[in-house]
Amino acid sequence: MSKNTRVVVAGRFSFVNLFEPKSINGSDPKYSVSVIIPKSDKRTINMVLKAIEEAKKEGAAKFGGKVPTNLKTPLRDGDIDRPDDPNYADAYFINTNSKNAPQIVDAKLQTIIDRSEVYSGCYGKVSINFYAFNVNGNRGIAAGLGNAQKLRDGEPLGGMTRAEDEFQIEEDDDFLS
């Protein structure tokens, strides 16, 4: 792993599985998150593209010394891959995962223990290491999840609502009588 393939990406979190690993279709359980990046964030997109290109160069040996032109990459276009989801409109996204649990901190670098604080729809940063893979005929560049930092709240995705958005502070604690 080189520092040229490791980046910190800011965006909106989706499909958050940062506290508990999740198995998909019987695979090994992994911690994961999808990061939605607006297409207008050219700086982040260019940084990601540069790291992916570096991962291709570093992983060329896995492809027999020559990088295939049709290699799968983890930077995906929301308008193409998720056309029916308005949260991915005019955005790219990266699905990143790891077998190792990430450290999760807030904006002040304090560890987040309350799992409800980090949810699909909040905004933050994740560290990602891009690397080449060539397994059973599947070749590409993968996005390894490092750590996560929540920066601010956002509207929850997937129909989840926050309790504080549905209820108000009750002054009368004897409301059942």
Side-chain angles (χ1 to χ4, degrees), residues 1-39 41 43-56 58-59 62 72-78 81-82 85 87-88 91-135 138 140-164:
M1 171 173 59
S2 93
K3 66 179 184 179
N4 296 328
T5 60
R6 189 171 186 86
V7 294
V8 174
V9 176
R12 190 173 191 195
F13 293 174
S14 182
F15 298 99
V16 175
N17 294 298
L18 294 171
F19 291 96
E20 288 283 332
K22 183 177 180 181
S23 174
I24 297 175
N25 298 328
S27 64
D28 291 338
K30 293 183 179 179
Y31 299 89
S32 62
V33 65
S34 180
V35 183
I36 303 170
I37 308 161
K39 288 183 176 176
D41 187 353
R43 183 182 154 277
T44 299
I45 299 302
N46 287 334
M47 179 178 59
V48 167
L49 290 172
K50 186 176 175 183
I52 289 172
E53 287 305 312
E54 193 64 35
K56 288 179 183 178
E58 290 185 9
K62 291 184 178 183
K72 294 179 186 176
T73 67
L75 183 64
R76 298 168 59 186
D77 189 328
D81 293 326
R82 304 216 175 165
D85 189 336
N87 297 303
Y88 288 81
Y92 291 103
F93 66 99
I94 300 171
N95 295 328
T96 180
N97 61 61
S98 174
K99 290 181 180 178
N100 300 317
Q103 292 181 353
I104 306 164
V105 297
D106 63 16
K108 296 181 180 178
L109 302 180
Q110 301 296 311
T111 299
I112 296 176
I113 298 170
D114 183 355
R115 295 174 181 213
S116 67
E117 283 294 315
V118 183
Y119 53 89
S120 294
C122 74
Y123 292 83
K125 295 178 180 178
V126 294
S127 58
I128 300 172
N129 180 49
F130 295 102
Y131 60 93
F133 66 91
N134 186 357
V135 180
N138 292 319
I141 303 297
L145 173 64
N147 296 306
Q149 179 182 37
K150 178 188 174 185
L151 297 177
R152 65 181 170 94
D153 288 314
E155 184 177 333
L157 302 176
M160 184 190 106
T161 58
R162 296 165 30 112
E164 56 265 32

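- Between Asn134 and Lys62 the shortest heavy-atom distance is ND2-O, 2.7 Å.
- Here the side chains of Asn147 and Val105 are not in contact, with every heavy-atom distance at 4.5 Å or above.
- Contact detail for Phe19 and Ile112: the closest heavy-atom pair is CE2-O, 3.6 Å.
- Rounding to the nearest 0.5 Å places CG of Asp85 at 7.5 Å from CG of Leu157.
- A side-chain contact (heavy atoms from CB on, under 4.5 Å) with Leu145 is found for one member of Leu18, Ile128, Asn100 and no other, namely Leu18.
- Side-chain N or O atoms of Asn17 include none that pairs as donor or acceptor with a backbone N or O of Tyr31 at under 3.5 Å.
- Counting only distance, with no hydrogens or angles, the side chain of Lys150 and the backbone of Cys122 share no donor-acceptor pair below 3.5 Å.
- Between the side chain of Ser23 and the backbone N or O of Asp28 there is no donor-acceptor pair closer than 3.5 Å.
- Formation of a donor-acceptor pair under 3.5 Å by the Gln149 side chain with backbone atoms of Gly124 is not found in this model.
- Panel note: side chain Ser120, backbone Val16; a donor-acceptor pair is recorded below 3.5 Å.
- A donor-acceptor pair shorter than 3.5 Å cannot be found between the side chains of Ser27 and Asn25.
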Exercise for review: Begin with the C-alpha distance, continue with both residues' side-chain angles, and end with the deciding distance and a verdict on side chain to side chain contact (heavy atoms under 4.5 Å, CB included) for Ile52 and Phe130.
Suggested key: CA-CA 6 Å; Ile52 289 172; Phe130 295 102; 3.9 Å; yes
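- A 4.5 Å side-chain heavy-atom check between Val126 and Val8 finds every atom pair outside the cut-off.
- For Thr44 and Tyr92, the side-chain atoms include no donor-acceptor pair closer than 3.5 Å.
- Ring pair Phe93/Tyr88: centre-to-centre distance below 6.0 Å.
- No donor-acceptor distance shorter than 3.5 angstrom exists from the side chain of Ser98 to the backbone of Gly144, with no hydrogens or angles considered.
- Lys39 contributes no side-chain N or O that, together with a main-chain N or O of Ala91, makes up a donor-acceptor pair within less than 3.5 Å.
- For the pair Arg12 (side chain) and Tyr123 (backbone), a donor-acceptor distance under 3.5 Å is absent.
- A salt bridge does not link Lys50 with Glu53: none of the charged nitrogens is closer than 4.0 Å to a carboxylate oxygen.
- With salt bridges taken as basic N to acidic carboxylate O contacts below 4.0 Å, none links Arg82 and Asp77.
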Point to revise | Derivation and outcome, side chain to side chain contact (heavy atoms under 4.5 Å, CB included), residues Lys22 and Ser32 | key: CA-CA 8 Å; Lys22 183 177 180 181; Ser32 62; 5.5 Å; no
